[in-house]
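FYI, side chains are in, hydrogens and waters are out, and symmetry mates aren't considered; it's all heavy atoms of this structure.
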Amino acid sequence: MMERKAYQQSLPQKRMSAGCLFFDERGRLLVVNPTYKETWEIPGGVVEQNESPREAAIREVAEELGLVLHPQRLLCVDYKSETETSIESVQFIFLGPLLSAEMTNKIKLPREELSEFRFLVPEKAVELLNKKLRRRVRHCLNVLEHPGTLYLEEQQLVFNT
């Protein structure tokens, strides 16, 4: 049995991240402004060892917004190949619950990591994101009204399940 685990541990490993789209009652998308980069983000982050992408989304949202919110639906999975500046990865985006004004008032940002948050009309919000996340989120916005999950490679739609 240990030989199998040792073999599995020798296999290639991929970085994973999980983020969540949140909308307010007016249909505006929540974006957050990291202190450590130029572009804005959606709440989320790296999936840690022995953590599922869903669990990572819950943990990251709790760390970033101070709210324990459970994803309602998986919107997309995107495979990103290795580049000169990053290793290959698998990115998950979930849809979170609608944020009421009461919930929004309870948001508490970790000031060392995030300087502010905004709810913006989705098209304005995605313009603040980096190019790859922008394309991924746009795909998610297009599928919100339809059942299914998108599978992307390099932010390009491969199929909708």
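Under 3.5 Å, the side chains of Ser81 and Glu154 contain a donor-acceptor pair of N or O atoms.
Val77 and Val143 fall into different hydrophobic clusters, where Ile, Leu, Val, Met, Phe, Trp and Tyr side chains are chained together by heavy-atom contacts under 4.5 Å. Note on Leu120 and Leu98: same hydrophobic cluster, where clusters join Ile, Leu, Val, Met, Phe, Trp and Tyr whose side-chain heavy atoms are under 4.5 Å apart, directly or indirectly. Hydrophobic clustering, with ILVMFWY side chains joined whenever heavy atoms are under 4.5 angstrom apart, groups Leu74 together with Val47. When the side chains of ILVMFWY residues are joined at heavy-atom separations under 4.5 Å, either directly or via intervening members, Ile107 and Ile58 end up in two distinct hydrophobic clusters. If you chain together hydrophobic residues whose side chains sit under 4.5 Å apart, Leu30 and Trp40 never meet in one group.
Salt-bridge check for Glu55 with Arg59: failed, with every basic side-chain N at 4.0 Å or more from each acidic carboxylate O. A salt bridge links Arg118 with Glu116: the distance from a Lys NZ or Arg NE/NH1/NH2 to an Asp or Glu carboxylate oxygen falls below 4.0 Å. Salt bridge annotation for Lys80-Glu153: absent, with no cationic side-chain nitrogen under 4.0 angstrom from a carboxylate oxygen.
Arg136 contributes no side-chain N or O that, together with a main-chain N or O of Gln155, makes up a donor-acceptor pair within less than 3.5 Å. For the pair Arg28 (side chain) and Val121 (backbone), a donor-acceptor distance under 3.5 Å is absent. Although no hydrogens or angles enter the test, the distance criterion places no donor-acceptor pair under 3.5 Å between the side chain of Thr161 and the main chain of Gly148. Glu63 contributes no side-chain N or O that, together with a main-chain N or O of Glu60, makes up a donor-acceptor pair within less than 3.5 Å. The closest donor-acceptor contact from the side chain of Ser115 to the backbone of Thr35 lies at 3.5 Å or more, if one exists at all.
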Show me the donor-acceptor pairs, under 3.5 Å and distance only, between side chains in residues 11-23 and residues at least two apart or in other chains.
residue : atom : partner : partner atom : Å
Lys14   : NZ   : Glu88   : OE2          : 3.1
Ser17   : OG   : Gln91   : OE1          : 2.4

Practice task
I would like to know whether Val90 and Asp78 meet side chain to side chain contact (heavy atoms under 4.5 Å, CB included); could you show each step before the answer?
Solution key: CA-CA 6 Å; Val90 180; Asp78 185 18; over 6 Å; no
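The salt bridge (Lys or Arg N to Asp or Glu O under 4.0 Å) pairs that include a residue from residues 89-103 are Glu102-Lys106, where partners are two or more places apart or lie in different chains.
The two atoms that bring Gly44 and Glu64 nearest to each other are O-OE2, 2.8 Å, heavy atoms only. Shown here for Leu114 and Pro34, the closest heavy-atom pair between the two residues is CD2-CA, 3.7 Å.
Looking only at side-chain heavy atoms (C-beta outward), His139 and Cys76 stay at 4.5 Å or farther from each other. Counting heavy atoms from C-beta outward, Glu25 and Ser100 have side chains that approach closer than 4.5 Å. Contact annotation: the side chain of Asn130 approaches that of Glu41 to within less than 4.5 Å [non-hydrogen atoms, C-beta and beyond]. Side-chain contact between Val158 and Leu152: absent, with no pair of heavy atoms (C-beta onward) separated by less than 4.5 Å. Side-chain contact between Ile42 and Ile93: present, with at least one pair of heavy atoms (C-beta onward) separated by less than 4.5 Å. The shortest side-chain heavy-atom distance between Leu128 and Thr39 does not fall under the 4.5 Å cut-off.
When each of Val137, Leu150, Leu144, Asn142 is tested with Leu75 by the rule side chain to side chain contact (heavy atoms under 4.5 Å, CB included), just one qualifies, namely Leu144.
Remark: Tyr151 engages Phe159 in a ring-ring contact (aromatic ring centres under 6.0 Å, His included) (not counting sequence neighbours). Listed by chain and number, the residues in a salt bridge (Lys or Arg N to Asp or Glu O under 4.0 Å) with Glu82 amount to none (sequence neighbours excluded). Tyr36 meets the ring-ring contact (aromatic ring centres under 6.0 Å, His included) test with no other residue; sequence neighbours excluded. Partners of Glu113 under the salt bridge (Lys or Arg N to Asp or Glu O under 4.0 Å) rule, at least two apart in sequence or in another chain, do not exist in this structure.
Taking CG of Leu99 as the reference point, atom CG of Leu65 lies at 7.5 Å (rounded to 0.5 Å). Gln8 contributes atom CD, which lies 9.0 Å from atom OG of Ser10 (distance to the nearest 0.5 angstrom). If you take CZ on Arg135 and SG on Cys140, they are separated by 13.5 Å, rounding to the nearest 0.5 Å.
Using cut-offs of 30° and 60° on the angle between ring planes, the pair Phe94 and Phe92 is parallel.
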